[in-house]
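Written out below as structure tokens is the structure these notes cover.
Here, residue 1 is the first one in the sequence, and each next residue gets the next number.
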Amino acid sequence: MSDPQQQPKIMAKVPTEVRVPPRTRCPLCTELFLAPKILPCLHTFCLPCLEQLEPFSVLGFQGDCSSDSSSDRSCLLRDLPQPLLSILCPVCDTEVDLPPGGIRELTTDYLALNEVLLETLQAQGHGVVCDLCVDGEAAKRCHTCRANLCQFCSQAHRRQRKTASHAVVDMEDLKGYNRIGKPILCPSHPSEELKLFCERCDQPVCRDCVVDKHRQHPYDFTSNVIHKHGDSMRELLKSTQQQVGVLEEALHQVEGVGSSIRCHAEAVAAEIHAFADGYIQAIEEHRDRLLKQLDDLKVQKENLLHLQKAQLEQLLLDMRTGVEFTEHLLTNGSDLEILITKRVVASRLKRLIRVDYSVHPGGDDGIQFSPQEKAGQYHGYEVFGAVLNKAVDPAKCVLQGEDLYHARQNQSASFTVLCNDALGEQMGRGGEFVRVTVVHKDKKDCAIKPAISDNGDGTYHVSYTPEVLGTYIVCVSVKGQHVQGSPFTLTVKNKFRKHQGVFHCCTFCSSGGQKAARCACGGTMPGGFQGCGHGHKGHPGSPHWSCCGKVVEHSECPGGPLGKTLQRSLLRTVAL
């Protein structure tokens with residue numbers, strides 16, 4: 001909740017001729033900030049302006065007290081379940097979730113409060129209310145107490161023994177200062193200043209808090225912990241700044257492709273005009289048809305790029321906002337201001353870093369005109385010329401490979417994505433945005449991250465290694481659209497079982513009944529014969545595996561109970 005004691009009390013509006021920095025004014029009311037609150041998207045607004053916004057959606061209910069204790073029963077009476085709301089940021093149009101207590105529990109922008117107070121003091125003919133009597137205009141400021149005093153309160157301040165030695169200066173002398181922030185008081189103990197930081201609760205506290213709600217919690221002075229938390233925010237800032245550069249380069253490429261598309265379209269249009277002028281009415285109709293087809297193709301490509309550009313611009317704007325806000329906070333904010341704002345800033349930067357986007361343009365400039373292409377007849381005249389667009393058609397792309405529908409646990413599997421154009425012909429070049437997801441059908445949190453390799457000829461090699469048995473749903477898309485056969489199911493079975501025995505024919509039979517011939521299965525017969533005489537259970541009467549009896553040499557051993565039964569049966573013998 002905001003503390004009214006923390007707000008600078010402005011007696012008059014700033015004159016229009018005074019240039020006020022943008023950070024001191026609310027984007028909604030354009031007035032100096034009053035109780036500024038920071039939204040999760042790092043835009044700051046006045047508390048009264050935020051309270052006038054309509055909720056965007058209702059997320060749920062907060063405030064469940066299900067215990068039988070007296071304190072919980074009082075909680076039920078005092079705090080009925082309140083709906084969790086979300087609002088749209090008036091600047092970036094981002095949907096942001098409000099805390100359980102509503103707008104008043106948003107993080108206070110103390111840095112903005114300091115800048116408003118400083119701008120107020122520097123404005124000509126503009127006064128600030130005395131912090132003690134709350135009536136007179138402040139003429140002095142006590143640096144020790146960090147309080148604004150009128151003439152009467154300033155004289156009383158000097159007469160008191162405890163404050164007689166405090167450094168008191170005229171308000172006019174403060175105009176050259178760049179920071180004169182007021183002490184930040186504890187919301188729970190308004191007489192105490194926030195000077196400590198609770199490590200367990202991750203928030204600044206006062207002296208009374210550490211002996212009350214935060215008893216036995218590890219804590220330290222804000223000046224001792226600012227280095228650790230400041231460094232973590234600087235790392236997030238560095239990662240975000242790197243992404244800003246990547247986004248700017250991606251936007252540059254998108255704009256370049258858009259310009260190239262327009263240039264190619266104009267060139268093709270000139271060719272079409274030159275070709276169509278040789279025909280009278282039939283060729284003119286054919287020309288108009290070609291131009292319309294070209295325009296539709298250009299609009300289609302530009303619309304695709306425009307959508308990608310809008311998404312990249314919005315993400316870049318969000319990241320720039322986060323970078324500017326964090327840089328300003330780390331450069332101009334005090335230790336306590338950084339710690340108070342740390343959580344909302346870190347949450348926003350982490351969310352922006354996790355946003356998935358493509359740095360490759362979503363369209364290409366592959367527009368060509370072929371004057372030799374037959375285009376049919378118009379008014380009995382054979383006409384030629386067609387607009388060719390060598391672009392991938394997801395509906396014509398196909399999947400190939402032996403591991404499409406079956407794979408083995410902990411063994412590498414792969415398949416190939418073959419990209420074709422609208423005519424079903426292979427693209428012959430790479431660079432397409434191919435996306436593959438492999439998610440377990442019954443365990444949604446179990447997914448396989450495949451590796452996709454661009455072969456540069458219109459084919460893409462997809463490899464993966466499943467670790468969990470079961471059925472998976474595989475989705476393969478090109479430019480955001482499913483290819484032929486996608487999605488499909490993949491069955492992951494146990495690891496391939498190798499045979500543990502010997503692939504042989506019964507030695508007794510194949511040796512012509514020699515007494516010393518030994519069977520590979522280890523069985524014997526009466527009379528000293530080493531051969532087993534076809535005594536195994538289920539013996540096939542042909543070359544077979546001694547471990548399981550399978551007659552296919554390059555096969556998988558069934559293993560399990562059947563294999564164990566066959567192993568025991570190998571020792572059975574028959575009479576001659």
* To do: Using the test ring-ring contact (aromatic ring centres under 6.0 Å, His included), find all partners of F488 that sit at least two apart in sequence or belong to another chain.
  => Y405
* Asked: Would a 4.5 Å heavy-atom cut-off, applied to side chains only, mark C46 and E31 as touching?
  -> no
* Looking only at atom types and distance, does a side-chain atom of D403 sit under 3.5 Å from a main-chain N or O of F415, one as donor and one as acceptor? -> no
* To do: Could you pull out all residues at least two apart from D202 that satisfy salt bridge (Lys or Arg N to Asp or Glu O under 4.0 Å)?
  => K342, R343
* Structure fact -> Nearest heavy-atom contact between N410 and T465 is C-CG2, 3.7 Å
* Residue pair K37 / T108, side-chain donor-acceptor N/O under 3.5 Å -> yes
* To do: Output yes when a side-chain donor or acceptor of S486 lies under 3.5 Å from a complementary backbone atom of H482, and no otherwise.
  => no
* **Flag, side chain of N303 to backbone of V299, donor-acceptor distance under 3.5 Å** => yes
* To the nearest 0.5 angstrom, please state how far the CG atom of L50 sits from the CD1 atom of I87. => 5.5 Å
* To do: Would you check if the side chain of Y472 reaches a backbone N or O of C446 as a donor-acceptor pair within less than 3.5 Å?
  => no
* In this structure, are over 12 heavy atoms from other groups packed under 6.0 Å from H306 atom NE2? -> no
* To do: Could you tell me which residues satisfy side chain to side chain donor-acceptor pair (under 3.5 Å) with E51, sequence neighbours excluded, listed by chain and number?
  => R104
* Do S86 and E95 have side-chain N/O donor and acceptor atoms under 3.5 Å apart? -> yes
* To do: Keeping to residues at least two apart or across chains, list the side-chain hydrogen bond (donor to acceptor under 3.5 Å, both in side chains) pairs with something in residues 313-324.
  => E248-R320, Q314-D318
* Just wondering, do Y464 and S414 contact through their side chains at under 4.5 Å, heavy atoms? -> no
Taking distance alone, no hydrogens or angles, what donor-acceptor pairs closer than 3.5 Å link side-chain atoms of residues 239-247 to residues at least two apart or in another chain?
residue, atom, partner, partner atom, Å
S239, OG, E235, O, 3.2
T240, OG1, L236, O, 2.8
Q241, NE2, E327, OE2, 2.7
Q243, OE1, Y357, OH, 2.6

* Asked: What side-chain hydrogen bond (donor to acceptor under 3.5 Å, both in side chains) pairs are there with at least one residue in residues 433-452, not counting sequence neighbours?
  -> D356-R435
* To do: Just jot down the side chain to side chain donor-acceptor pair (under 3.5 Å) partners of D457, sequence neighbours excluded, or say none.
  => T459
* Check: E467 main-chain N/O paired with Q409 side-chain donor or acceptor under 3.5 Å -> yes
* To do: Please round to the nearest 0.5 Å and tell me the distance separating atom OG1 of T341 and atom CE of M233.
  => 7.5 Å
* Asked: Is it true that the side chains of D109 and T44 contain a donor and an acceptor less than 3.5 Å apart?
  -> yes
* Asked: Charged N to carboxylate O below 4.0 Å: is that the case for D296 and K292?
  -> yes
* Structure fact -> Nearest heavy-atom approach of H286 to F384 is NE2-O, 3.1 Å
* **Any residue meeting salt bridge (Lys or Arg N to Asp or Glu O under 4.0 Å) with R408, in chain and number order, not counting sequence neighbours** => E556
* Asked: Where do L490 and V438 come nearest, in terms of heavy atoms and distance?
  -> CD2-CG1, 4.5 Å
* **Those residues that, when tested against H229, pass ring-ring contact (aromatic ring centres under 6.0 Å, His included) (two or more places apart)** => F197
* **Close side-chain approach of I103 to L47, heavy-atom, < 4.5 Å** => yes
* Counting N and O atoms only, with roles assigned by atom type, does the side chain of D421 sit under 3.5 Å from a partner on the main chain of E425, one being a donor and the other an acceptor? -> yes
* Structure fact -> Sequence neighbours excluded, the answer for salt bridge (Lys or Arg N to Asp or Glu O under 4.0 Å) partners of K238 is none
* To do: Check for a donor-acceptor pair, side chain of R348 on one end and backbone N or O of L42 on the other, with a separation under 3.5 Å.
  => no
* **R234: side chain to side chain donor-acceptor pair (under 3.5 Å) partners, not counting sequence neighbours** => D231
* Under the ring-ring contact (aromatic ring centres under 6.0 Å, His included) test, which residues partner H264, sequence neighbours left out? -> none
